[in-house]
Q: 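I have a structure here, written as structure tokens, and I will follow up with some questions on it.
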Number of protein chains: 2
Amino acid sequence: MKRAPTLVDVATRAGVSYATVDRVVNGRGSVAEKSRASVLQAVADLGYIRNVAAANLAQRRIYRFCFIIPEGTNAFFDRVCDIVRAMHPSAGTDPVQLVIERVAAFDPAALAACLTALAERPFDGVALVGLSDAGVDDAIGALRDKGVAVLTMISDMPTPARDAYVGIDNVTAGRTAGALIVLSHGGRAGRVLPIVGALSARDHADRLSGLRETLAPTDLTFAPLIEGLDRHEVVEARLRAALAADRSITAIYSAGAGNAGLIRVVAEMSEAGRRPIVMIHELTPRSRAALEDGLIDVIIDQRPEDEVAGTLTLLRCLADRRPLPQLPQIVPAIYLRENLPAAVDPALLKGSAA
Amino acid sequence: MKRAPTLVDVATRAGVSYATVDRVVNGRGSVAEKSRASVLQAVADLGYIRNVAAANLAQRRIYRFCFIIPEGTNAFFDRVCDIVRAMHPSAGTDPVQLVIERVAAFDPAALAACLTALAERPFDGVALVGLSDAGVDDAIGALRDKGVAVLTMISDMPTPARDAYVGIDNVTAGRTAGALIVLSHGGRAGRVLPIVGALSARDHADRLSGLRETLAPTDLTFAPLIEGLDRHEVVEARLRAALAADRSITAIYSAGAGNAGLIRVVAEMSEAGRRPIVMIHELTPRSRAALEDGLIDVIIDQRPEDEVAGTLTLLRCLADRRPLPQLPQIVPAIYLRENLPAAVDPALLKGSAA
DNA sequence: CCGAAAATGAAAGACGTCTATCAGATATGA
DNA sequence: TCATATCTGATAGACGTCTTTCATTTTCGG
């Protein structure tokens, strides 16, 4: 168990001075091509890896990261904010400073403006919920050109735009929902009503296509899709209309938000004696209550705790210019009445980065 | 944004020298009670927290942790080993050395002996799969008296014995299985055959009680419990006998290991035309294949990646004598045919401690 | 071959903590 | 009051990296 190689070892091996090694690895000053090559060779030979702790100590480095979270009447994103806030103390051992910015949901212009403004501030990394938009792409590009790491969470964007994506596979999530719906029908026929916020939201669209894929070979049919804009009044009104128009619906799958409206409608049906199977996404105080009260049957939760923790891990790697580890895949949790975890006071939550 | 307080600041505030502060916080030499008090007061006033990176740098510290993993014909524990091994590089930024010891499964004497032997080696922490046994308790106590952190994973032990537990709530896992069985029966009657490795294994017993609890208020009845000792031949033989004796079984729930035997039996039934609903635990190459082949219906996986990562996080905290963070609860993943994640080459896996 | 530019080496001080040593101060008991 | 013990302060060198300065060497164009 020999000591890990240091920059001094690299210098010796390369036959140059420490100063030259430093110029190479930290890219400053001018170095002859020959020297640069021999230093890099020595680094490779020795398997040198920078001691990040020592480096951070010397520079009194603070990691500054920004989370851009959609703003709106969306309990899920409030939860994400709570989790990010709870991560502060979790830094514990290392100096991370987290800032949350909230921008209007589904508003590419606002998001792009936010990103542009961020470029003026000294951030090492930015995490945002992906949105497909050329302006956003450009703003991200500008940030990354400045050396700021940018990654998407929850909903992805085209690969080249961001450094990484942390989140669930939404097609698979939709398939999961489909499989559970199939399971709950036990081979009998049925009719499924899908609800999304907007088909332009990639995560919603992905879930829907996963659902379709899974139900295609079965006896289950689809009622016309509802777009609820993630707003509970809209969801409520359109759902009510759809149910009135079609009495044969046996299952409802809501891939987006605005489920308060859905729950109101289902509560009425439930009192009236019969309600369809209901599956929705994201654990929130309201969805939890509905599950406990028997108004809905399944909650598929994307585990934002894991997503935020993974995001932080990757942001740190990117900031250190280290290779990105392959994080364990984030698998959505399936909550039924019987396996709801005890409610956790978010103020007490302290996540783990790693 | 002012600089975090250092020991020099503490010394100044307490009106003593750095040397005295050092004596207090690192508990060496002798210090007058008055000095100790004023130092501690200063620490509290300033909210001093030791800079672990600097401390580790100065001591050239290496964290040495040992994972004790049950040995046997158990693919799940092989997977755990792979994950632990894959964590090595994940250390990445910090100097962690991991050692794996394997001991015979379900053998308290062997486990206790292993723990005792470990006390002679310079470990900072040990993780083991809990086993209820007085000898094991004593061995753990001896280790902890030496200052070694000890925590249980996967299966717990009585609280006072270990420093922490990382793993799923097995009662809830059993309830989950029960709920899915109920769902899949869609209100029809049925008969459930439970299989465990041994009732003396706490995780198995917990799962069974969760299952019983959930099925109690339903129309579903229980066939007599099978104890399969986690060995596939035993499981196969006893299952065959049970199925021959009782043709009315509509679901099988296996809470333990040895599922290769179960799969063989189910494969035959499947070919013969009809098989019951089958739910088992843990994602392994074999169980994955069985799910893909339509021989079983659900795999409940306890996500050992998360368990190992969480274990490492806590071991580090314990080694640093830092307060333990509240890790996000580990929720078992429910895998159906439709949401099986892509198989990951374990050699490529690099986990996140965070 | 000379002058300017480019490349290199040597060194020192910082970051916050650990560890060690040694001299001096205060307290304790006889 | 003296001889011990018990405390305390001052200081210095590590750990591995960053950052800067200054002097020296090499290279190259003209």
Side-chain angles (χ1 to χ4, degrees), chain A residues 1-40 42-43 46-63 91-95 124 319-322, chain B residues 1-40 42-43 46-63 91-95 124 319-322:
Chain A
M1 177 102 307
K2 48 183 173 296
R3 186 176 113 282
T6 72
L7 283 182
V8 174
D9 300 324
V10 171
T12 307
R13 167 101 184 191
V16 299
S17 72
Y18 179 95
T20 299
V21 171
D22 175 66
R23 285 186 258 258
V24 172
V25 303
N26 291 321
R28 57 183 143 214
S30 41
V31 182
E33 197 45 51
K34 206 184 67 174
S35 304
R36 149 168 279 103
S38 62
V39 166
L40 294 178
V43 165
L46 297 175
Y48 166 82
I49 46 176
R50 131 199 288 138
N51 182 328
V52 180
N56 287 351
L57 178 60
Q59 329 177 73
R60 286 237 216 94
R61 166 157 205 178
I62 298 178
Y63 295 91
T93 165
D94 38 29
D124 299 294
D320 290 337
R321 278 183 246 106
R322 272 184 289 150
Chain B
M1 178 102 308
K2 50 181 172 295
R3 185 176 113 281
T6 73
L7 284 181
V8 174
D9 299 325
V10 172
T12 306
R13 167 100 183 194
V16 301
S17 72
Y18 179 94
T20 299
V21 171
D22 173 66
R23 285 187 257 259
V24 172
V25 303
N26 291 322
R28 57 183 143 216
S30 43
V31 182
E33 196 44 51
K34 206 184 66 173
S35 303
R36 150 168 277 104
S38 62
V39 167
L40 294 179
V43 165
L46 298 176
Y48 166 82
I49 47 176
R50 136 201 282 134
N51 181 328
V52 180
N56 289 351
L57 177 61
Q59 322 177 80
R60 285 237 218 95
R61 166 158 205 178
I62 298 177
Y63 296 89
T93 164
D94 37 29
D124 298 296
D320 291 337
R321 278 182 247 107
R322 269 183 293 149

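Here is the naming used below: chain letters follow the sequence lines, and residue numbers restart at 1 for every chain. Quick caveat: nothing in here was measured; it's all calculated off a predicted structure.
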Q: From the set dA7(C), dT19(C), dT17(C), return the single nucleotide nearest to any side-chain atom of D22(B).
A: dT19(C)
Q: Rounded to whole Å, how long is the line connecting atom CD of Q59(A) with atom C1' of dG13(C)?
A: 16 Å
Q: Which is it for I49(A) and R322(A) under the side chain to side chain contact (heavy atoms under 4.5 Å, CB included) test, yes or no, and what are the steps along the way?
A: CA-CA 9 Å; I49(A) 46 176; R322(A) 272 184 289 150; over 6 Å; no
Q: Round to a whole Å and report the spacing from CZ of R50(A) to C1' of dC15(D).
A: 17 Å
Q: Between R36(A) and dA7(C), does any side-chain N or O lie under 4.0 Å from OP1 or OP2?
A: no
Q: Would you compute the distance between atom OG of S30(A) and atom CZ of R23(A) and round it to the nearest 0.5 angstrom?
A: 7.5 Å
Q: Are the side chains of Y48(A) and L7(A) in touch, meaning some heavy atoms are under 4.5 Å apart?
A: yes
Q: Looking only at atom types and distance, does a side-chain atom of N26(A) sit under 3.5 Å from a main-chain N or O of R28(A), one as donor and one as acceptor?
A: no
Q: Between S35(B) and R60(B), which residue's closest nucleotide on DNA chain D lies nearer the 5′ terminus?
A: S35(B)
Q: If you take all heavy atoms of A42(B) and R13(B), which pair is closest and at what distance?
A: CB-CG, 3.5 Å
Q: Grab the CG-P distance between D9(A) and dC15(D) for me, whole Å please.
A: 11 Å
Q: Going by the rule side chain to side chain donor-acceptor pair (under 3.5 Å), which residues pair with Y63(A) if we only count those two or more places apart in sequence or in a different chain?
A: N56(A), R316(A), D320(A)
Q: Answer yes or no: does a side-chain N or O of N26(A) lie under 4.0 Å from OP1 or OP2 of dC18(D)?
A: yes
Q: Where the side chain of A32(A) is defined as all heavy atoms beyond and including C-beta, which of dT17(C), dA7(C), dC18(D) is the nearest nucleotide?
A: dA7(C)
Q: Could you pull out the protein-nucleic contacts involving nucleotides 9-12 of chain C (nitrogen or oxygen on both sides, under 3.5 Å)?
A:
from   : atom 1 : to     : atom 2 : distance (Å)
dG9(C) : OP2    : S17(A) : N      : 2.8
dG9(C) : OP2    : S17(A) : OG     : 3.0
dG9(C) : OP2    : T20(A) : OG1    : 2.7
dG9(C) : N7     : R23(A) : NH2    : 2.9

Q: To the side chain of S30(B), which of dC18(C), dT17(D), dT6(D) is closest?
A: dT6(D)
Q: Could you tell me how far apart K34(A) (NZ) and dA6(C) (C1') are, to the nearest whole angstrom?
A: 14 Å
Q: If I take atom CG in residue N56(B) and atom C1' in nucleotide dC15(D), what distance separates them, rounded to the nearest angstrom?
A: 11 Å
Q: With heavy-atom distances below 4.5 Å as the criterion, would you say the side chains of N51(B) and T6(B) are in contact?
A: no
Q: Starting at the 5' end of DNA chain C and moving along, which residue's nearest nucleotide shows up first, A58(A) or E33(A)?
A: E33(A)
Q: What is the distance, to the nearest angstrom, from the CG atom on L7(B) to the P atom on dG16(C)?
A: 10 Å
Q: How would you label the contact of V31(B) with the nucleic acid (heavy atoms, under 4.0 Å): base, sugar-phosphate, or nothing?
A: sugar-phosphate
Q: From C-beta outward on N51(B), which listed nucleotide comes closest to its side chain: dG16(C), dC18(C), dT17(D)?
A: dG16(C)
Q: Return whichever of R28(A) or A54(B) has its heavy-atom-nearest nucleotide of DNA chain D closer to the 5' end.
A: A54(B)
Q: Could you please name the option among dC18(D), dC18(C), dC15(D) that lies closest to any side-chain atom of L57(B)?
A: dC15(D)
Q: Would a 4.5 Å heavy-atom cut-off, applied to side chains only, mark V16(B) and K34(B) as touching?
A: no
Q: At under 4.0 Å, does any side-chain N or O of R3(B) touch on OP1 or OP2 of dC15(C)?
A: no
